[in-house]
Every structure is written in C-alpha cells, then in structure tokens.
Novice: 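Sharing a structure here in structure tokens format.
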Amino acid sequence: GTVGQVVESKRPGFAKGDLVQGLFGWEDYTVSGGEGLMGLQKLPAGTDPILALSLLGTTGLTAYFGTLAVGAVKSGETFVVSGAAGATGSVAGMIAKIKGCRVVGIAGGHEKCNWLLKEAGFDAAIDYKNEDVGAALAKHCPKGINVYFDNVGGEILDYALARLTFGSRVVLCGAISQYNNLGERNPVGPKNYFNLILNGARMEGFLVFHFLQRYPEAIAEMSKWYAEGKLKNQIDLQQGLEKAPKTIIRLFTGANFGKQLLKLGDPQ
Ligand SMILES: NC(=O)c1ccc[n+]([C@@H]2O[C@H](COP(=O)([O-])OP(=O)(O)OC[C@H]3O[C@@H](n4cnc5c(N)ncnc54)[C@H](OP(=O)(O)O)[C@@H]3O)[C@@H](O)[C@H]2O)c1
C-alpha cells in the first residue's frame, strides 16, 4: 500500500498536489489509470498519510475484519494473537480488548512483550523466543482459547490448536513463519487439527480485500476508537528508496516494531 502525491493528472477529480492511495510500486513516480484491486483513492483533505497506511490502512483493516467478522469475538472470551506486536496483531488485540475479551499476545522478545502489557493493554504476553509457548498458553488461558488470530502459522499455530475450547474460532490471517518455505521447501502443516473436530471449532482464512465494501464502516469506527485513545498506532518508519530490500526483510527478522513503513519523500 502506498500514499503518493499527484504531480500531473488527466483524470477528472484528481488535481496536482492531491494525496492519493493505492497499490503502487516502490518507486519515485508511478503512472495510474485508477484500475486494479484498490484502484486510486483520493485521501480526504487533512488525512495523515501515516495513519492512512497503518491503523486506517490495510493492516488495521485486516485486524478489524479478522477480529470482528471472522473471529466474531464476544465479551468475556479469551483471545490469543500471534505476531502480537506487529501492525496487524497489535491492532487485533486492542480491538478484542475494546470488545471485552481477555487478550493474550505472542511476540518475539522482552521489549515487544513489555510494550504489549504496558502500552497496548494486553492481559498477558508470551515471548515465543524465550518461553515454552505451550506451557505459557496453558498458564495464561486456563479456560482454553475462544479465538486464536494467527499471523505466523507453523509451530505456534499448533500450540494454539492444542488449547482450543468448545465453539472456538481460528482466524487464519497470515503464516509469516512459513512464507520462505513455499516453493521447493514444504510449509509445515498443522498437526493438532483434530481439536477442531472435538470442539466443534472453526478455522477460517480471509483476505482484507474480501471486505472492500465495508472499509468505510471500519475506518469510521477505528477513527473514533483512535480519537478516544482506545487504539494506539505504533509505526516503524525507514527512509529512502535504497532501503526497500532491507526494510521488507525487517518483517521476517522481527526488527520492525509496529507498522513497517518506508518513506521515499515528503509531499510538496
Ligand atoms: N489476510 C490478509 O488480508 C492480510 C493482510 C495483511 C497482513 N496479513 C498477514 O498478517 C501477518 C502480519 O503482517 P504485518 O504486515 O502486520 O506484519 P508485522 O506483524 O508488523 O511484522 C511481521 C512480524 O512477524 C513476526 N515474525 C516474523 N517471522 C516469524 C516467525 N518465524 N515466527 C513467528 N513470528 C514471526 C515478527 O515479529 P516478532 O518479533 O514477534 O517475531 C515480525 O515483526 C503476516 O502474516 C501477513 O502476511 C494478512
């Protein structure tokens, strides 16, 4: 997702200087006819481009629809999210908290776990790089897991499947631990899926674009929560086109803290 500024336009409704959003490339200039999945959207005057790319952009909206439409969280339930200090996971956890859930986050490292507890308002945090995730889930989810929001796949998904409770939902949002195993290496499949059968549980994948028609509703609701201080927007801003390859790799090493952004230039 990209925010850019119009330098020249032959399209009615788009004038030089307008800020626009779309799925452009990592490049200084782009040519757009407005076609494609997200087309070309003009940002309303006064919109903060950073907010439009993070909390109110793809990852924030993914968190919203994954938690509310797919996960269908209910007050009092136990909600577990992996990739919890990331752009999608942190917002998913905060939304579940707004809806009255007990929220447990799984993230890598002490600093991220500390942030989840102190800043994001999570009830518990599990450092998967230094803790036994199975034992920690048993400790922090004594009544089992009602909703598991999965951003990472692999072993962590299996640990969560082992703790499902009756009628639970597993939200398949991403599987970042497995992306580099696609191709000639094989991704690791879930082993504990029998627990879905025993618990009448549901595991459902989704793409945020499946909810395109409902974006305005989500943006309005999330803007309100943000204004009320119920949602925090943690971003990680890198600078310069030449940093593009190193920046995307940050997602895979976990060097990013919050929404990974790359700034190519300032609007004029
Ligand atoms: N379904 C959709 O429409 C949709 C839309 C957007 C994103 N997604 C998915 O949502 C997930 C999060 O994306 P994001 O853009 O918000 O990124 P992000 O969570 O901000 O960054 C990725 C995080 O993944 C964690 N990670 C990397 N390798 C890992 C591994 N082997 N095991 C466990 N954790 C690992 C790292 O955190 P730690 O430091 O905690 O390891 C890293 O910070 C991704 O799987 C992405 O593909 C799905």
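All ligand and atom numbering here is 1-based and tracks the order in the structure. Computed from a prediction, not measured in an experiment: that's the story for all the values here.
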Novice: When you check the side-chain N and O atoms of Glu8 and Tyr29, is any donor under 3.5 Å from an acceptor?
Specialist: no

Novice: Is the ring pair Phe211/Phe65 parallel, tilted or perpendicular, if the boundaries are 30 and 60 degrees?
Specialist: parallel

Novice: Going by atom types alone, do Asp127 and Asn130 pair a side-chain donor with an acceptor below 3.5 Å?
Specialist: yes

Novice: Does a donor on one side chain sit under 3.5 Å from an acceptor on the other, for Ser82 and Tyr148?
Specialist: yes

Novice: As a test of reading the model: which residues have a non-hydrogen atom less than 4.0 Å away from ligand 1?
Specialist: Thr59, Thr62, Gly86, Ala87, Thr88, Ala107, Gly108, Lys112, Tyr128, Asn151, Val152, Cys173, Gly174, Ala175, Ile176, Ser177, Tyr179, Phe206, Leu207, Val208, Leu251, Phe252, Gly254, Asn256, Gly258

Novice: Sequence neighbours excluded, which residues qualify as side chain to side chain contact (heavy atoms under 4.5 Å, CB included) partners of Leu53?
Specialist: Val3, Gln21, Leu261

Novice: Could you check whether Ser54 and Asn233, counting side-chain N and O atoms only, form a donor-acceptor pair closer than 3.5 Å?
Specialist: yes

